[in-house]
Amino acid sequence: MVEQPVGVAVIGAGVMGTAHAGAVAADPRARLVGVASVPVDAARALAARHGAPVATDDYTRLLAREDVALVIVATPDHLHTEIAVAAAEAGKALLVEKPLATNLADADRVIAAVERAGVTAMTSFNHRWIPSYAEAKAHIAAGAIGRPRLAYARKNDRIHVPTRMLSWAERTTPAWFLSSHDIDLVCWFLGDDTAVETFATGVRGVLDAQGIQTPDAIQAQVRFASGAVATFESCWIYPDTYPTMTDSFIEVVGEHGVVHLDRKDDQLEIATPTEFRYPRTSIMPVLHGVQAGALALAVGHLVGCVIDDTEPLVPLAHSRHVTAILDAIHRSLDSGGSVAV
């Protein structure tokens with residue numbers, strides 16, 4: 001038990017901000033100082049739930065507080081950069097929801113601000129704390145399948161996500177929103193942070209017809225310096241009758257073995273007179289009233305890094321590489337050809 005809990009501010013009070021605030025409140029080493037969001041009513045409700053003293057629609061009020069040591073940026077994708085830079089300049093440690101930024105120039109701005117300030121910072125690639133993924137990494141690193149040569153990853157959402165869950169879907173794409181996790185994991189599994197080339201294709205029409213100007217789906221093939229090749233698929237138009245919000249699968253093929261990670265059902269199936277579904281339990285479950293799962297473990301990891309002044313599991317240089325691959329994927333979409341990463 002630390003003598004003085006780490007003061008934490010959460011910026012954003014949507015689904016992710018709510019989970020992050022719950023994770024902070026559940027950690028005895030941390031204290032939720034405040035929540036910022038627009039509209040402020042969401043911040044007030046979340047702060048009140050966890051006994052935080054501050055709720056505001058102006059995040060700079062939280063950055064100015066001496067009792068805030070760690071800022072969690074859980075806003076929509078395109079709003080990360082300005083807040084992250086301001087937090088670093090205020091001397092605060094940072095946990096930024098994925099992706100770090102939605103273009104490479106913005107990622108570099110965040111990293112430069114962090115390096116100038118000398119603060120601890122990490123992107124919340126929380127899937128690394130899902131037990132099956134961590135176990136897969138250990139086996140691959142130990143040589144169980146030989147040198148990885150091929151990977152395939154998909155993360156496909158029901159159409160509910162861009163049409164009803166996200167009010168800002170047209171400010172991002174399924175690749176930025178979904179493939180960021182998969183690119184982080186595949187690079188981690190391959191042990192290769194040197195992607196050299198990508199070719200991406202996409203399809204449009206379903207979401208455009210609903211007034212949401214963003215691709216329905218994207219597929220991208222990425223070649224790495226090691227010679228390994230990975231395909232990343234992201235889709236936002238699965239029907240809402242699909243039994244899980246997200247269809248998630250990763251395959252890594254090595255020289256003499258293969259790893260499959262199918263996280264479609266998380267081992268739980270529920271059938272009622274009106275539906276059959278697979279609730280998600282690995283990332284943000286609330287267990288006996290307490291926020292748990294991979295997201296809470298990632299938050300706890302960074303709280304520990306702040307307390308012990310240690311390096312996070314996910315370096316910002318790696319997060320930059322994920323952003324660089326995604327940036328190249330979108331440049332390939334625009335150009336219709338292969339592009340260098």
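It should be emphasised that the depicted structure is a prediction, and the values quoted were computed from it without experimental measurement. Start at 1 with the first residue, then count along the sequence. All heavy atoms count here, side chains included; hydrogens, waters and symmetry mates do not.
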Closest non-hydrogen atoms of D216 and R204, given as atom of the first, atom of the second and distance, are OD2-C, 3.2 Å
Donor-acceptor check, side chain of H260 to backbone of I250, threshold 3.5 angstrom: yes or no? no
Test L326 against F232 for side-chain contact (heavy atoms from CB on, under 4.5 Å), laying out the working first. CA-CA 10 Å; L326 283 160; F232 299 100; over 6 Å; no
Side-chain touch L207/I159, heavy atoms, less than 4.5 angstrom: yes
Between S319 and V314, is there a side-chain heavy-atom distance shorter than 4.5 Å? yes
Do S234 and K155 meet the criterion of a side-chain donor-acceptor pair at a distance under 3.5 Å? no
Note: W236 and T214 closest approach over all heavy atoms is CZ3-CG2, 3.8 Å
Any donor-acceptor N/O pair, H50 side chain to G34 backbone, under 3.5 Å: no
Shared hydrophobic cluster, V10 / I83 (ILVMFWY, side-chain heavy atoms < 4.5 Å): no
What distance separates K264 NZ from T244 OG1, expressed to the nearest 0.5 Å? 9.0 Å
Would a distance-only check, ignoring hydrogens and angles, find a side-chain to backbone donor-acceptor pair under 3.5 Å from H80 to P99? yes
Group every Ile, Leu, Val, Met, Phe, Trp and Tyr by side-chain heavy-atom contacts under 4.5 Å, then state whether F189 and L313 land in the same group. yes
Give a yes or no on this: more than 12 heavy atoms of other residues, nucleotides or ligands lie within 6.0 Å of atom CG of D309. no
Determine whether L166 and M16 fall in the same hydrophobic cluster, where Ile, Leu, Val, Met, Phe, Trp and Tyr are linked whenever their side-chain heavy atoms lie under 4.5 Å apart. no
N-O pairing of E82 and R109 below 4.0 Å: yes
Ignoring hydrogens and geometry beyond distance, is a side-chain donor-acceptor pair present between Q291 and H20 at under 3.5 Å? no
For T281, is there any backbone N or O sitting under 3.5 Å from a side-chain donor or acceptor partner on D266? yes
E255 atom CD, neighbour heavy-atom count above 12 within 6.0 Å: yes
Might you point out which heavy atoms bring L178 and C235 nearest each other, and give the distance in Å? CD1-O, 3.7 Å
R331 bridged to D334 by N-O distance under 4.0 Å: no
Are E233 and Y152 close enough that a side-chain donor and a side-chain acceptor fall under 3.5 Å? yes
Is there a side-chain contact between V222 and E197 (heavy atoms, below 4.5 Å)? no
Is the backbone N or O of A13 less than 3.5 Å from a side-chain atom of S37, with the two atoms forming a donor-acceptor pair by type? no
Close side-chain approach of T201 to I218, heavy-atom, < 4.5 Å: no
Taking the basic N atoms (NZ, or NE/NH1/NH2) and the acidic carboxylate oxygens, is any pair closer than 4.0 Å for E269 and R277? no
Is the backbone of L268 close enough, under 3.5 Å, to the side chain of D265 for a donor and an acceptor to pair up by distance? no
Would you find a donor on one side and an acceptor on the other, under 3.5 Å apart, between the side chain of T310 and the backbone of V306? no
Using a 4.5 Å cut-off on heavy atoms from C-beta on, say whether the side chain of W188 contacts that of V186. no
What pair of heavy atoms forms the shortest contact from A134 to R128, and how long is it? CB-O, 3.8 Å
Quick one: does H160's side chain get under 4.5 Å of D240's, heavy atoms only? yes
Working for side-chain contact (heavy atoms from CB on, under 4.5 Å), residues M122 and L94: CA-CA 6 Å; M122 186 178 86; L94 270 173; over 6 Å; no
Quick one: sort the H181 and H127 rings into parallel, tilted or perpendicular, breaks at 30° and 60°. parallel
Establish whether Y59 and V73 are linked, either directly or via other cluster members, by ILVMFWY side-chain heavy-atom contacts under 4.5 Å. yes
Please answer whether the main-chain N or O of I329 pairs with a side-chain N or O of T198 as donor and acceptor at a distance below 3.5 Å. no
Compute whether any side-chain donor of one residue and acceptor of the other, for H78 and T172, lie under 3.5 angstrom apart. no
Side-chain contact test, heavy atoms from C-beta onward, threshold under 4.5 Å: evaluate it for V299 versus L95 and give yes or no. yes
For K98, is there an ion pair with D184 - N to carboxylate O distance below 4.0 angstrom? no
Quick one: does V68's side chain get under 4.5 Å of V8's, heavy atoms only? no
N126 versus A298, closest heavy-atom pair with distance: CB-CB, 4.0 Å
For S248 and T246, does a side-chain donor sit closer than 3.5 Å to a side-chain acceptor? no
Carboxylate-amine/guanidinium contact D77 R171, below 4.0 Å: no
Under the side-chain contact (heavy atoms from CB on, under 4.5 Å) criterion, do E251 and D262 qualify, and how do the steps go? CA-CA 8 Å; E251 172 188 75; D262 190 347; over 6 Å; no
L100, L185: one ILVMFWY side-chain cluster at the under-4.5 Å cut-off? no
Going by atom types only, do Q213 and E170 share a side-chain donor-acceptor pair under 3.5 Å? no
Sub-3.5 Å donor-acceptor pair from the side chain of D106 to the main-chain atoms of A101, do we have one? no
Using a cut-off of 6.0 Å, state whether more than 12 heavy atoms not belonging to E275 lie near its atom CD. yes
P285 backbone acceptor or donor facing R280 side chain under 3.5 Å: no
Would you call R320 and D108 a salt bridge, using N to O less than 4.0 angstrom? yes
State, to 0.1 Å, how close A47 and V54 come at their nearest heavy-atom pair, and which atoms those are. CB-O, 3.7 Å
Would you check, one step at a time, whether the test side-chain contact (heavy atoms from CB on, under 4.5 Å) holds for Y242 with Y278? CA-CA 9 Å; Y242 197 73; Y278 300 145; over 6 Å; no
Please determine, by modelled atom types, if D157 and Y238 share a side-chain donor-acceptor pair under 3.5 angstrom. no
R31 with D67: basic N within carboxylate O range, under 4.0 Å: yes
